Participant: 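Here you go, one structure.
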Amino acid sequence: MTQKEKQKYDYDVIIIGGGIVGAGLFREQSLHGLKSLLLEQSDFNSQTSQGSSKMLHGGIRYLENMDFSLVFEALKEKNLWLRLTPHITKEIPFYLPVYKESKWPLFLMRIGLFLYDLLSLFQNTSHKILNPKKTLEHMQGLRKAGLVGSGVYYDGIVDDAKLGLECIYDGLNNPQCNALNYKQVTKVEKNQDCYQVTYKDKINDQTETARAQFVIFATGPFTDQVMKKLEIPWEPVILPSKGTHLWLDGKSLPIQDAMVLQTKDQRIIFVIPQRNAILVGTTESPIPENTNMLDIKPTQEEIDYLLSVVNEYFPESNITQKDILSSFAAVRPLVKAKTSSSKTSRHHKVFSPQENMYVLVGGKYTTFRKMAQDVNKKILKKLNIKHDKKITLNPLRTTSIVSNPFTEKVSHEKIKEIIQSEKVRTKDDLLKRRLSLPSLRHFNDQELEKILKDLDLE
Ligand SMILES: Cc1cc2nc3c(=O)[nH]c(=O)nc-3n(C[C@H](O)[C@H](O)[C@H](O)COP(=O)(O)OP(=O)(O)OC[C@H]3O[C@@H](n4cnc5c(N)ncnc54)[C@H](O)[C@@H]3O)c2cc1C
């Protein structure tokens, strides 16, 4: 394309959706020198990508479906991000207790965990098998009756909202790229040989437009609803599946390490101590087509289900509602398949409903970099630019000012600096994502109120 032709557009690409997938697309385009605009209707990474189980993982349970290619790819990505962003990720052990009646007996566990390490090309810290005595030494309070041992394997945990933010900050190092939050796309029109995208600011109601040669939808579980609203011809592909999590008070269970609990209904629930709290999740249930995805909340039934699973394994702890610090829910952007949602593959899909328009859905948080590569490769080819698959293997150029408020001192000056340079527009943005506070009750409210009092935020 000549320079003159290029000037017909404001941007090469407009990305709609600023979850982890949009953030991954944006970073890679920036690194390849593209002019890219990312538009997010809420704050960046405030939807599904902050409602995950916060694991970078290969997906131990996908081994059951013999989905080896997905596990291989995800393990590679997990180990990459553990290396690239050690300030917001961590490899930790996961204990999988095995009982006489467990679906996965100990011998199968041994084979499965070996396979898991093999598929990581032995980059995972090696798994172990423990006898009941050793298991109980690590997991005090765990139900003893019928316990035959446990498997221990290693996966990553991540500050899910933060990694997406950091990919966006990294992308912004290219001055031709821009990322805007609270901009809801309301119209996408094909205008001769480019797309004109109209977007409305959800805080001040102002409407603007931008033109680009390519448009990418990275709208996750919102995709079918967005396509319908924008009147783009589209066959629905999403099988929305809701997942709820609880944050329990860290003192409510006597465990230091993460656990994987097999349930009677053949699912698994993760119990992951983090900071001064314990994350428990998740559930899996379909939701009606027209559900407002910006307002997804846990139901009492889901909360009771998670509490009952934990109590079954830790009968003496007697966890009740009073041990819950907070709860949250999100929707998996699964791509439709004929079987039930738990059997649905987590592989991602790329659709192209119109020329130079791409829709990237499905996948997992862990595989966002690979997902982005699949679409960016197509765009770069059309622009006659060589795709460098190694470009995203480099460390991030810019990381957030405060990575972890529990280990770093958050001064008034630092908070001001975050607000000025990290695209904060509401208190929620600051507290939940820039400062990574999963619940206000995890923080000293008075201290925070003092700091926030004179800040000019919505
Ligand atoms: C309960 C649960 C647990 C999970 N646990 C894990 C896990 O531990 N590890 C893992 O690897 N994966 C996990 N996943 C999967 C992972 O979270 C998702 O695959 C991933 O976050 C999806 O990212 P996304 O960017 O596609 O979607 P989103 O994060 O939802 O981003 C899409 C964005 O598009 C925006 N948008 C929609 N419409 C518009 C519009 N008109 N204009 C502008 N913006 C718009 C939305 O506001 C949203 O922010 C989990 C998922 C769930 C639900």
Side-chain angles (χ1 to χ4, degrees), residues 14-26 37-60 62 70 73-75 77-78 81 155-158 160-161 163-164 167 179-188 197-202 215-230 232 238 240-245 258 269-270 272 279 281-285 287 293-294 296 298 302 306 327-335 341 346-349 359-372 433:
I14 293 178
I15 301 163
I16 305 172
I20 190 64
V21 174
L25 284 159
F26 183 66
L37 172 67
L38 181 143
L39 299 169
E40 164 56 47
Q41 68 178 352
S42 308
D43 188 22
F44 307 119
N45 263 42
S46 63
Q47 301 304 314
T48 323
S49 302
Q50 81 161 3
S52 82
S53 302
K54 306 177 195 311
M55 290 188 296
L56 291 173
H57 64 153
I60 193 97
Y62 308 136
L70 176 66
E73 181 173 83
L75 283 171
E77 291 303 299
K78 162 196 113 167
W81 287 105
D155 257 336
I157 53 170
V158 60
D160 55 357
L163 180 54
C167 287
L180 303 171
N181 48 2
Y182 296 93
K183 305 287 185 191
Q184 182 171 46
V185 171
T186 53
K187 212 187 267 178
V188 176
V197 175
T198 307
Y199 52 94
K200 187 171 121 181
D201 189 298
K202 283 183 70 181
V215 166
I216 309 175
F217 286 84
T219 39
F222 299 81
T223 303
D224 290 345
Q225 293 183 354
V226 174
M227 297 309 256
K228 199 172 165 188
K229 252 195 208 145
L230 298 177
I232 295 170
I238 300 292
S241 158
K242 182 185 173 194
T244 283
H245 287 88
I269 300 292
F270 293 98
I272 310 175
L279 183 66
T282 176
T283 56
E284 192 155 357
S285 51
I287 54 164
M293 306 234 201
L294 286 172
I296 290 287
E302 290 160 345
L306 292 173
S327 58
F328 60 92
V331 182
R332 296 174 187 85
L334 301 182
V335 180
S341 68
R346 262 57 170 180
H347 285 281
H348 64 272
K349 290 254 163 61
V359 180
L360 177 54
V361 277
K364 288 153 57 72
Y365 189 104
T366 311
T367 53
F368 75 94
R369 191 188 69 95
K370 295 295 281 184
M371 293 174 69
R433 290 167 289 278

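Counting starts at 1 for both ligands and their atoms, following the listed order. Only a predicted model underlies this, so the values are computations on that prediction, with no experimental measurement involved.
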Participant: Closest heavy-atom contact between Pro333 and Pro221?
Facilitator: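 For Pro333 and Pro221, the tightest heavy-atom pair comes out as CB-N, 3.4 Å.
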
Participant: Does Ser241 use its side chain to pair, donor to acceptor, with the backbone of Arg332 at less than 3.5 Å?
Facilitator: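 Not confirmed, Ser241 side chain does not pair with Arg332 backbone.
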
Participant: Give the residue, atom name and distance (to 0.1 Å) of the protein heavy atom nearest atom 36 (N) of ligand 1.
Facilitator: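 Nearest neighbour among protein heavy atoms for atom 36 (N) of ligand 1, to 0.1 Å: Gln41 NE2, 3.6 Å.
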
Participant: Among protein heavy atoms, which sits nearest to atom 51 (C) of ligand 1, and what does the distance come to when rounded to 0.1 Å?
Facilitator: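 Scanning the protein heavy atoms, the shortest distance from atom 51 (C) of ligand 1 goes to Arg332 CG, 3.7 Å.
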
Participant: Distance to 0.1 Å, residue and atom name: give those for the protein heavy atom nearest to atom 15 (C) of ligand 1.
Facilitator: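 Nearest neighbour among protein heavy atoms for atom 15 (C) of ligand 1, to 0.1 Å: Tyr365 N, 4.0 Å.
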
Participant: Would you check the N or O atoms of Val21, main chain and side chain alike, for any that come under 3.5 Å of an N or O of ligand 1?
Facilitator: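 Indeed, backbone or side chain, Val21 has an N or O that close.
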
Participant: Just jot down the ligand 1 atoms closer than 4.0 angstrom to any heavy atom of Thr282, in number order.
Facilitator: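 Within the 4.0 Å cut-off of Thr282, ligand 1 contributes 1 (C).
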
Participant: Which pair of non-hydrogen atoms, one from Val185 and one from Leu230, has the smallest distance, and what is that distance?
Facilitator: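 Nearest pair, atom of Val185 first, then Leu230: O-CD2, 3.9 Å.
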
Participant: Could you go step by step and tell me if Val21 and His348 meet the side-chain contact (heavy atoms from CB on, under 4.5 Å) rule?
Facilitator: CA-CA 11 Å; Val21 174; His348 64 272; over 6 Å; no

Participant: Could you identify the single nearest non-hydrogen protein atom to atom 27 (O) of ligand 1 and state the distance to 0.1 Å?
Facilitator: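 Here the closest protein heavy atom is Gly220 CA, 3.7 Å.
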
Participant: Looking at ligand 1, does any of its N/O atoms fall within less than 3.5 Å of an N/O of Ser49?
Facilitator: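 Yes; at least one N/O pair falls below 3.5 Å.
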
Participant: Would Gln184 count as a polar contact of ligand 1, with the cut-off being nitrogen or oxygen pairs under 3.5 Å?
Facilitator: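 No, no N or O pair falls under 3.5 Å.
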
Participant: What residue and heavy atom of the protein are closest to atom 31 (O) of ligand 1, and at what distance?
Facilitator: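 It is Gly19 CA, 3.4 Å.
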
Participant: If you count the atoms of ligand 1 from 1 in the order shown, which ones are under 4.0 Å from a heavy atom of Val226?
Facilitator: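 Going through ligand 1 atom by atom, the ones under 4.0 Å from Val226 are 38 (N).
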
Participant: What are the atoms of ligand 1, with element, lying closer than 4.0 Å to any heavy atom of Gln47?
Facilitator: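 The atoms of ligand 1 under 4.0 Å from a heavy atom of Gln47 are 30 (O), 46 (C), 47 (O), 48 (C), 49 (O).
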
Participant: Run the numbers for me: atoms of ligand 1, each under 4.0 Å from some heavy atom of Gly243, listed by number.
Facilitator: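 With Gly243 as reference, the close atoms of ligand 1 come out as 1 (C).
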
Participant: Given Thr48, Leu360, Thr283, identify the one with the heavy atom nearest to atom 28 (P) of ligand 1.
Facilitator: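 Selected option, by shortest heavy-atom distance: Thr48.
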
Participant: Apply side-chain hydrogen bond (donor to acceptor under 3.5 Å, both in side chains) to Thr282 and list each qualifying residue two or more places apart in sequence or on a separate chain.
Facilitator: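 side-chain hydrogen bond (donor to acceptor under 3.5 Å, both in side chains) list for Thr282, sorted by chain: empty.
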
Participant: Could you pull out all residues at least two apart from Thr366 that satisfy side chain to side chain contact (heavy atoms under 4.5 Å, CB included)?
Facilitator: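 Once residues adjacent in sequence are excluded, the partners of Thr366 under the side chain to side chain contact (heavy atoms under 4.5 Å, CB included) criterion are Leu56, His57, Ala74, Glu77, Lys78, Lys364.
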
Participant: Report, in ascending order of atom number, the atoms of ligand 1 lying under 4.0 Å from any heavy atom of Leu39.
Facilitator: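 Within the 4.0 Å cut-off of Leu39, ligand 1 contributes 43 (C), 44 (N).
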
Participant: Kindly confirm or rule out an N or O of Ile16 lying under 3.5 angstrom from an N or O of ligand 1.
Facilitator: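 In fact, backbone or side chain, Ile16 has no N or O that close.
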
Participant: Do you know which two heavy atoms are closest between Leu38 and Ala23, and how far apart they sit?
Facilitator: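 What the structure gives for the nearest pair is CD1-N, 4.0 Å.
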
Participant: Using a strict 4.0 Å cut-off to heavy atoms of Ala218, name the atoms of ligand 1 that fall inside it.
Facilitator: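 This gives 32 (C), 33 (C), 34 (O) as the contact atoms.
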
Participant: With heavy atoms of Gly363 as the reference, note each atom of ligand 1 found under 4.0 Å away.
Facilitator: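 In order of number, 19 (O).
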
Participant: Just to be sure I'm reading this right: ignoring hydrogens, which of Lys187, Glu40, Lys183, Met55 gets closest to atom 7 (C) of ligand 1? Compare them by their nearest heavy atoms.
Facilitator: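 It is Met55 that holds the nearest heavy atom.
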
Participant: Answer yes or no: does an N/O atom from Asp43 fall short of 3.5 Å to an N/O atom of ligand 1?
Facilitator: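 No - when backbone and side-chain N and O of Asp43 are compared with those of ligand 1, no distance drops under 3.5 Å.
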
Participant: Please check: side-chain N/O of Asp43 versus main-chain N/O of Asn181, any donor-acceptor pairing under 3.5 Å?
Facilitator: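 No, because the side chain of Asp43 does not come within donor-acceptor range (under 3.5 Å) of the backbone of Asn181.
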
Participant: Give the residue and atom name of whichever protein heavy atom lies nearest to atom 41 (N) of ligand 1, and the separation in Å to one decimal.
Facilitator: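 Of every protein heavy atom, Val185 O, 3.3 Å lies nearest to atom 41 (N) of ligand 1.
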
Participant: Is Lys349 atom NZ crowded by more than 12 heavy atoms from other residues, nucleotides or ligands, each under 6.0 Å away?
Facilitator: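 Count not over threshold, so no.
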
Participant: Could you tell me if any non-hydrogen atom of His245 lies under 4.0 Å from any atom of ligand 1?
Facilitator: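 Within the 4.0 Å threshold, so yes.
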
Participant: Kindly indicate whether the side chain of Ile269, heavy atoms from C-beta on, has any atom under 4.5 Å from the side chain of Leu306.
Facilitator: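 Yes; the side chains approach each other to less than 4.5 Å.
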
Participant: Would you mind finding which of Gly156, Pro240, Gly17, Ser53 brings a heavy atom closest to atom 5 (N) of ligand 1?
Facilitator: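 The nearest heavy atom belongs to Ser53.
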
Participant: Can you measure from CG (Leu39) to OG1 (Thr219) and round to the nearest 0.5 angstrom?
Facilitator: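 If we round to the nearest 0.5 Å, Leu39:CG and Thr219:OG1 are 12.0 Å apart.
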
Participant: Quick check on contacts: which atoms of ligand 1 are under 4.0 angstrom from a heavy atom of Lys54?
Facilitator: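 The atoms of ligand 1 under 4.0 Å from a heavy atom of Lys54 are 8 (O).
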
Participant: In the structure I gave you, are the side-chain heavy atoms of Leu70 and His347 within less than 4.5 Å of one another anywhere?
Facilitator: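 They are in side-chain contact.
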
Participant: Rounded to the nearest 0.5 Å, what's the gap from CE on Met293 to CG on Asp224? Could you check?
Facilitator: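 The CG atom of Asp224 is 7.5 Å from CE of Met293, to the nearest 0.5 Å.
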
Participant: With side-chain contact (heavy atoms from CB on, under 4.5 Å) as the test, would you mind laying out the steps for Tyr365 and Asn45 before giving the verdict?
Facilitator: CA-CA 11 Å; Tyr365 189 104; Asn45 263 42; 4.1 Å; yes

Participant: What's the shortest distance from atom 50 (C) of ligand 1 to any protein heavy atom, and which residue and atom give it?
Facilitator: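 Going atom by atom, the protein heavy atom closest to atom 50 (C) of ligand 1 ends up being Ser52 CB, 3.8 Å.
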
Participant: List the atom of Ala161, the atom of Gln50, and the distance in Å for their closest heavy-atom pair.
Facilitator: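 That closest heavy-atom pairing would be CB-CB, 3.9 Å.
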
Participant: Give me the nearest non-hydrogen protein atom to atom 11 (O) of ligand 1 as residue plus atom name, then the distance to 0.1 Å.
Facilitator: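 Among all protein heavy atoms, the one nearest atom 11 (O) of ligand 1 is Thr366 OG1, 2.6 Å.
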
